[in-house]
Amino acid sequence: MTTRAKLIGPARFSVAVHALAGLASNGGTLSSAMLAAQVHSHPTFLRRILATLASHKIVDTREGRDGGYTLRMAADQLTLSAIYLAIRIEQPIHELPTADGIQDSQKANQRLSNIMKGAEQQVIDYLQQFTLADIIEDLED
């Protein structure tokens with residue numbers, strides 16, 4: 001019986017880190033198709049992540065026949081928290097929907113929201129200690 005390890009955090013974060021590690025290791029421009037094959041991701045899913053990373057100035061994009069994606073900074077300067085903050089979902093985990101008109105539910109949701117906000121901040125603070133270079137180093141061992 002085989003077991004599968006569960007990923008911590010959203011799949012977008014894991015795919016983003018792996019794609020950025022591939023770019024950093026390559027040292028040049030890679031197409032989304034090449035990156036998708038490296039990280040075992042659907043090319044459309046990866047392109048959405050790369051577009052988000054480009055909008056946060058983490059990668060550069062170049063269109064055309066020789067186009068693709070390039071890392072904008074050195075791997076030892078890019079923290080995992082910067083990657084997480086760039087690709088996290090539009091609605092942070094601590095912003096929970098509330099049930100209208102139910103006072104107790106609103107109070108509970110507010111309390112839970114505050115707890116989740118604190119938890120997310122701890123994750124961000126922890127990820128700040130690590131860079132993309134740390135991940136690449138682990139891959140090379």
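Atoms considered below: every heavy atom in the structure, side chains included; atoms not considered: hydrogens, waters and symmetry mates. The structure presented is a predicted model; accordingly, all values stated were derived computationally and were not measured.
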- Message: Tell me which one of Leu132, Ile135, Val17 satisfies side chain to side chain contact (heavy atoms under 4.5 Å, CB included) with Leu78.
- Response: Leu132
Report the distance from atom [atom1] of [X] to atom [atom2] of [Y], rounding to the nearest 0.5 Å.
{"X": "Gln110", "Y": "Leu112", "atom1": "CD", "atom2": "CG", "result": "10.0 Å"}
{"X": "Arg62", "Y": "Ser31", "atom1": "CZ", "atom2": "OG", "result": "11.5 Å"}
{"X": "Leu127", "Y": "Gln129", "atom1": "CG", "atom2": "CD", "result": "8.5 Å"}
{"X": "Gln38", "Y": "Asn26", "atom1": "CD", "atom2": "CG", "result": "7.0 Å"}

If you compare all heavy atoms of [X] against all heavy atoms of [Y], which two are closest, and at what distance to 0.1 Å?
{"X": "Leu46", "Y": "Ser32", "answer": "CD2-O, 3.6 Å"}
{"X": "Ile87", "Y": "Leu53", "answer": "CG2-CD2, 3.6 Å"}
{"X": "Ala16", "Y": "Ile83", "answer": "CB-CG2, 4.0 Å"}
{"X": "Ala24", "Y": "Ile136", "answer": "CB-CD1, 3.3 Å"}
{"X": "Leu30", "Y": "Gly22", "answer": "CD1-O, 3.9 Å"}

- Query: Taking only residues two or more places apart in sequence, or in another chain, which ones meet Ala54 in a side chain to side chain contact (heavy atoms under 4.5 Å, CB included)?
  - Reply: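 Side chain to side chain contact (heavy atoms under 4.5 Å, CB included) list for Ala54, sorted by chain: Val59, Thr61.
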- Item | Phe45: side chain to side chain contact (heavy atoms under 4.5 Å, CB included) partners, not counting sequence neighbours | Arg12, Val15, Ser41, His42, Ile49
Are [X] and [Y] close enough that some pair of their side-chain heavy atoms sits under 4.5 Å apart?
{"X": "Thr29", "Y": "Tyr69", "answer": "no"}
{"X": "Thr52", "Y": "Arg88", "answer": "no"}
{"X": "Leu50", "Y": "Leu35", "answer": "yes"}

- Task: Indicate whether the side chain of Thr131 and that of Thr79 have a donor and an acceptor atom separated by less than 3.5 Å.
- Result: no
- Distance-only donor-acceptor check, side chains Glu120 and Tyr84, under 3.5 Å: yes
- Task: Would you confirm whether Ser25, through its side chain, and Ala21, through its main-chain N or O, come within 3.5 Å as a donor-acceptor pair?
- Result: yes
- Task: Mind running side-chain contact (heavy atoms from CB on, under 4.5 Å) on Ile58 and Arg72 for me, showing each step along the way?
- Result: CA-CA 6 Å; Ile58 293 174; Arg72 287 187 67 152; over 6 Å; no
